[in-house]
Enquirer: 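First the structure, then my questions, so here it is.
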Amino acid sequence: MELLRHQQRLATSVSWPTDIDRRLSILVRAAAAAGERTSRAEILAALVTAAEVEPEQLATLLRHYRRLPADALAEDEARDDLPVVPTPGPRRITHS
C-alpha cells in the first residue's frame, strides 16, 4: 500500500503574514513536545488533509481568519514550554 505522504512532491510558494509563519514553527515545536519528528511541510500537509471539503465550513474558517486582529497570535511568542527545534538548511561552521 502506497502512503499519501510518499507520493511525488510538488514545491509551493506561500506568502503570508509573519505571525502565521511563526505559528507554523510553533506547531512544529508542539509536535516535537509530543515526541513527533516532523517538518513545516508535513504539518501543513496534515492540516490540509484535516480540512473538510465542505463549502460552508471552509467559508466559516476563511471569515474567522480574515477577522483576526493583528495581535491574535501574540501569545505564541512566549511559548518557552516547547522544545527548540533546529531549522533545516545549511549549518554554520564555527572556527575556534
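Small disclaimer: the values here were computed from a predicted structure and weren't measured. Counting begins at 1 with the first residue of the sequence.
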Enquirer: Which pair of non-hydrogen atoms, one from Arg29 and one from Leu82, has the smallest distance, and what is that distance?
Expert: NH2-O, 2.9 Å

Enquirer: Check this for me: Gln7, atom CD, are more than 12 non-hydrogen atoms of other residues, nucleotides or ligands nearer than 6.0 Å?
Expert: yes

Enquirer: Flag the pair Arg79 and Asp81 as a salt bridge only when some basic side-chain nitrogen lies within less than 4.0 angstrom of an acidic carboxylate oxygen.
Expert: yes

Enquirer: With rounding to the nearest 0.5 Å, note down the distance linking NE2 in His6 to CE in Met1.
Expert: 10.5 Å

Enquirer: Should Val14 and Ile20 count as side-chain neighbours, where that means a heavy-atom distance under 4.5 Å?
Expert: no

Enquirer: Going through the checks in order, is the side chain to side chain contact (heavy atoms under 4.5 Å, CB included) test met by Thr12 and Leu44?
Expert: CA-CA 11 Å; Thr12 185; Leu44 287 172; over 6 Å; no

Enquirer: Please report the closest heavy-atom contact between Ala31 and Thr38, naming both atoms and the distance.
Expert: CB-CG2, 3.7 Å

Enquirer: Would one find more than 12 heavy atoms of other residues, nucleotides or ligands at under 6.0 Å from atom CD of Gln57?
Expert: yes

Enquirer: When rounded to the nearest 0.5 angstrom, what is the spacing between CZ in Arg23 and OG1 in Thr18?
Expert: 15.0 Å

Enquirer: Are Val84 and Leu27 connected into the same hydrophobic cluster when the rule is that any two of I, L, V, M, F, W, Y join if their side-chain heavy atoms are below 4.5 Å apart?
Expert: no

Enquirer: Kindly say whether Leu73 contributes a backbone atom to a donor-acceptor pair with the side chain of Arg22 at under 3.5 angstrom?
Expert: no

Enquirer: Could you check whether any side-chain heavy atom of Ile43 comes within less than 4.5 Å of a side-chain heavy atom of Leu24, counting everything from C-beta outward?
Expert: yes

Enquirer: Rounded at 0.5 Å granularity, tell me how far CD in Glu52 sits from CG in Leu61.
Expert: 10.0 Å

Enquirer: Ignoring hydrogens, what is the shortest heavy-atom contact between Val85 and Ala32? Give both atom names and the distance.
Expert: CG2-CB, 3.7 Å

